[in-house]
Participant: 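Supplied in structure tokens, the structure appears directly below.
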Amino acid sequence: MGLLDIKGVGEKTAAALNKLNIFDEADLLNYFPRNYMIYEEPMSFMDIDNRVVAPIKAVLISLSNPVHVKKLVIVRGVIKDEAGVTLNVTWFNMPYINKMISVGKVYVFYGRINKEKKTMEVPICYTMESYKEKLGNMQPVYKLSAGVTNNLVSKVVSECLTMLNSGEIGMGKELLDKDFYLKNHLMERKGAYNKIHFPKNKKEYEDAKRRFAFDEFLEFCLKINALKDKPKSVNNNYICRMNERTKEFINSLSFKLTNAQTKVVDEIVSDMSSQNRMNRLIQGDVGSGKTIVAIISLMNACFCGFQGALMAPTEVLANQHYESIIKLFKEHNIDLKVALLTGSFTAKKKKEIYDLIKKGEIDILIGTHALIQEKIEYKNLALVITDEQHRFGVKQREALYEKGDLPHVLVMSATPIPRTLAIILYGDLDISVIDELPANRLPIKNAVCDESFRPKAYSFIRQEVRKGHQAYIICPMVSENEMYEACDVLSYSQTLQNIFGDEIKVEFLHGKMKPREKDEVMKRFATNETNVLVSTTVVEVGVNVPNATVMMVENAERFGLASLHQLRGRVGRGNAQSYCMFICTTKSESAKEKLKILEKSNDGFFVASEDLKLRGSGDLLGVRQSGEMSFKIGNIFTDTDLLKLASETAKKYNNDSVVSDTEIIL
């Protein structure tokens, strides 16, 4: 059955949904809302925080007759809330509003508010009785694309759910038996689909989210278990003991490795010189020096007569690794041959590299996921390293295991995950932790500020740029949003350029840009052609710019702590003092308390543990933190209990008392 079999879906609608990667009823059912509009208690104007859409309880003071302006019909009114604040209200093309509401009566006006001008546009008007019936209800808000409205997706999903409930369409059978779900307070999947899309209240949403988070974790853990035995049972085809030239390189470095780095290097060499193939994770906080450990490991494998490969999640990061290694090898007279391979290379250039790799004329290959393409044949690949492991999925990890003649695998992650969770998430890997920062790194100075601090912040950024340094400014949105009042990249960068003038070059960066555009922007920033980069969290994992000394995060309360810590890691990577300013635009004490954790400590593991304590499991709108694994709805911090349950269940998968003989479609 396809989309065209759903009532109300024609070819035009189906084509529009295809743009959202929705091709059948299963895709539609699993296209979960990204947010919800909640009918909450009516408020007064002064209670409104940073939202621009809110319900206000007020009396209608005056109402004009419809006025025709060009093609518009405009009705204007004035309302006064319980605190005595008046707002000017405007309705467009709604001449009938005069017959629906009356001057002198109290209503709940739900519309778009401009706090500075004290205006409200096109509000929906409810009597107190009718609004009371809607109180607590939740309306889904879906991720959209051109030609697709939220109303369209809601209607099609609703029709699909009707067909599911009537039995016209199926969803596959459950993997586990009913008793398991009852025992663990997990609702049945049909009900969960209904309540994840159209929950009546937060409790229904939480119950549905819990079920799908478990399914997601279980699928992940089953895949991990399928990988677990592979590396352990594979003999070491590439014995790589510590080479004397590697020791000489380490001793010739202009800095001394930390004790943690030395320990991890020893663990890697021990693995690679043992009887079994290495399969290890290096977990280190941002700026802890994982890259030099990777370079030493690659170098040692090559000095032992083999090849090595380093895979990065983006072309910009791959380019940076390549240039860093080339520079380092030149400084220390290391004669190993290093090459770069990314998806943007021409077919001719790729073929040249393929030929050199196959002949063994390239020792170290740096690149993106292009490194695991089927066309590449290595002569004697002994070590494959992936940077920012959480950006790669289980399937990509498996592709690495099977590349070449079963090489050693080393993966690196800067995501601060408590060890107990890391063991579950990376259960197929041995774990090393780099828990020290290099001695030359100065601790970042952090400050949580309110909006009044912005002029001082801009002045400080100007001073830093005059010293030759650079700055990042992070905004939560790409462009203006009708539902929330928050800083957006496009308008903010323009405003900032006007403030700074020609003295400072400002550019913007966001995830909706084409890959090549993003790479060009980051290159200009990396080479100091751009002084200030206004960006979304797309820079959370990005190039190393030691010259950047300022990180300013707007609407900081809208980000998770783990994401904020990753963003903070973009500065403090050089020898100069670095600073991070978190601009809080809410009066919420809990939000301020959360941000104060970042002010207290630069330790990512401490931040992660405090975040877990603070948030608990009821984070309604934060279903997942940016950059934390690839889970759609599960959150590895707030849903720890479900992750552990999924891990334990996956281990017992073949136990008939737990698992039925049916299958689930995940």
Side-chain angles (χ1 to χ4, degrees), residues 227 230-232 234-243 245-247 249-250 261 264-284 289-313 318 321-322 324-326 328-329 334-341 353 356-358 360-373 376-389 392 396-413 426 428-432 434:
L227 295 177
K230 289 184 181 179
K232 299 290 183 182
V234 174
N235 290 330
N236 184 355
N237 295 326
Y238 306 96
I239 301 293
C240 299
R241 297 184 176 86
M242 177 61 84
N243 189 277
R245 283 176 290 178
T246 307
K247 291 181 183 178
F249 171 78
I250 294 172
Q261 286 173 317
V264 173
V265 168
D266 289 344
E267 288 172 342
I268 291 168
V269 173
S270 176
D271 282 355
M272 294 182 71
S273 58
S274 71
Q275 295 301 309
N276 294 322
R277 172 197 192 198
M278 179 179 70
N279 194 34
R280 183 170 290 276
L281 164 72
I282 299 177
Q283 192 179 12
K290 296 183 295 299
T291 303
I292 189 63
V293 171
I295 292 172
I296 290 169
S297 304
L298 288 166
M299 175 192 298
N300 195 61
C302 295
F303 283 155
C304 292
F306 306 116
Q307 292 173 306
L310 172 60
M311 185 167 76
H321 282 313
Y322 172 71
S324 297
I325 292 176
I326 289 290
L328 195 62
F329 283 5
I334 305 296
D335 61 354
L336 297 174
K337 297 179 182 66
V338 184
L340 178 69
L341 177 65
I353 294 173
L356 292 172
I357 280 288
K358 189 174 182 179
E361 293 178 20
I362 290 175
D363 299 304
I364 298 173
L365 185 61
I366 314 292
T368 54
H369 63 279
L371 300 191
I372 57 174
Q373 299 295 323
I376 297 184
E377 291 182 44
Y378 295 86
K379 183 179 180 181
N380 54 3
L381 181 64
L383 174 62
V384 179
I385 301 177
T386 62
D387 193 12
E388 299 299 347
Q389 167 61 28
F392 296 100
Q396 286 168 309
R397 204 189 305 179
E398 189 169 16
L400 283 172
Y401 292 156
E402 297 170 354
K403 185 51 70 178
D405 187 18
L406 301 174
H408 297 287
V409 174
L410 184 66
V411 296
M412 303 190 295
S413 176
Y426 303 110
D428 54 320
L429 308 172
D430 294 317
I431 300 174
S432 293
I434 300 180

Participant: Would a 4.5 Å heavy-atom cut-off, applied to side chains only, mark Leu336 and Phe303 as touching?
Facilitator: yes

Participant: Could you check if a side-chain atom of Asn237 sits within less than 4.5 angstrom of a side-chain atom of Arg277, using non-hydrogen atoms only?
Facilitator: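 The answer is no, as the side chains (C-beta and beyond) never meet within the 4.5 Å cut-off.
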
Participant: Any idea which heavy atoms bring Leu298 and Ala309 closest together, and the distance?
Facilitator: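 That closest heavy-atom pairing would be CD2-N, 3.7 Å.
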
Participant: Just by modelled atom types, is the Val293 backbone N or O under 3.5 Å from a matching donor or acceptor in the Ser297 side chain?
Facilitator: yes

Participant: Any chance you could measure His408, atom NE2, to Ile268, atom CD1, to the nearest 0.5 Å?
Facilitator: 11.0 Å

Participant: Of the options Ile295, Ile334, Leu340, which is the one that meets Ile325 in a side chain to side chain contact (heavy atoms under 4.5 Å, CB included)?
Facilitator: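 It is Ile295; the other options fail the test.
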
Participant: Check whether any side-chain heavy atom of Thr246 sits under 4.5 Å from a side-chain heavy atom of Val265, and report yes or no.
Facilitator: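 With C-beta onward as the side chain, the pair stays apart.
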
Participant: Could you pull out the closest heavy-atom pair between Gly308 and Cys302, with the gap in Å?
Facilitator: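 It is N-SG, 4.2 Å.
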
Participant: What distance separates Asn235 CG from Gln275 CD, expressed to the nearest 0.5 Å?
Facilitator: 7.5 Å

Participant: First locate atom OG of Ser413, then atom CD1 of Ile282, and finally report the distance between them rounded to the nearest 0.5 Å.
Facilitator: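 The CD1 atom of Ile282 is 11.0 Å from OG of Ser413, to the nearest 0.5 Å.
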
Participant: Does any N or O in the side chain of Gln307 come within less than 3.5 Å of the main-chain N or O of Ile362, such that one atom is a donor and the other an acceptor?
Facilitator: yes

Participant: Minimum heavy-atom separation for Val384 and Pro407, please, with both atom names.
Facilitator: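 Where Val384 meets Pro407 most closely, the heavy atoms are CG2-CG, 3.8 Å.
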
Participant: Heavy atoms, side chains only, cut-off 4.5 Å: are Ile292 and Leu328 in contact?
Facilitator: yes

Participant: Examine distances only and state if a side-chain atom of Lys290 and a backbone atom of Met412 form a donor-acceptor pair shorter than 3.5 Å.
Facilitator: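 A pair under 3.5 Å: no.
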
Participant: Taking the side chain as everything from C-beta on, heavy atoms only, tell me whether Phe329 gets closer than 4.5 Å to Asp363.
Facilitator: no

Participant: Heavy atoms, side chains only, cut-off 4.5 Å: are Phe249 and Asn300 in contact?
Facilitator: no

Participant: Using the rule side chain to side chain contact (heavy atoms under 4.5 Å, CB included), only one of Arg241, Met278, Met242 pairs with Ser273; which is it?
Facilitator: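 That would be Arg241; it is the only one of Arg241, Met278, Met242 passing the side chain to side chain contact (heavy atoms under 4.5 Å, CB included) with Ser273.
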
Participant: Indicate the atoms forming the closest heavy-atom contact of Ser432 with Val264, along with that distance.
Facilitator: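 That would be CB-CG2, 3.9 Å.
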
Participant: Could you check Asp405 against Tyr238 for side-chain contact (heavy atoms from CB on, under 4.5 Å), going step by step and ending with a plain yes or no?
Facilitator: CA-CA 9 Å; Asp405 187 18; Tyr238 306 96; 3.2 Å; yes

Participant: Could you grab the distance from atom CD1 of Ile364 to atom CD1 of Ile357, nearest 0.5 Å is fine?
Facilitator: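 With rounding to 0.5 Å, CD1 (Ile364) is 10.0 Å from CD1 (Ile357).
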
Participant: Hey, is the main chain of Arg280 close enough, under 3.5 Å, to the side chain of Asp430 for a donor-acceptor pair?
Facilitator: no

Participant: Looking at every heavy atom in both Ala318 and Ala312, which two are closest together, and how far apart are they?
Facilitator: N-CB, 3.8 Å

Participant: Output yes when a side-chain donor or acceptor of Asn380 lies under 3.5 Å from a complementary backbone atom of Gly305, and no otherwise.
Facilitator: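 Confirmed, Asn380 side chain pairs with Gly305 backbone.
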
Participant: So how far is it from Gln261 CD to Thr291 OG1, rounded to the nearest 0.5 Å?
Facilitator: 10.0 Å

Participant: For the side chain of Asn236 and the backbone of Ser274, is there at least one donor-acceptor N/O pair under 3.5 Å apart?
Facilitator: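 It does hold such a pair.
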
Participant: Rounded at 0.5 Å granularity, tell me how far CG in Leu356 sits from CG in Leu365.
Facilitator: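 Leu356 atom CG to Leu365 atom CG measures 10.0 Å (nearest 0.5 Å).
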
Participant: Keeping the roles fixed (side chain from Asp387, backbone from Leu310), state whether a donor-acceptor pair exists under 3.5 Å.
Facilitator: no

Participant: Should Asp271 and Leu410 count as side-chain neighbours, where that means a heavy-atom distance under 4.5 Å?
Facilitator: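 A side-chain contact is absent here, since even the closest heavy-atom pair is not under 4.5 Å.
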
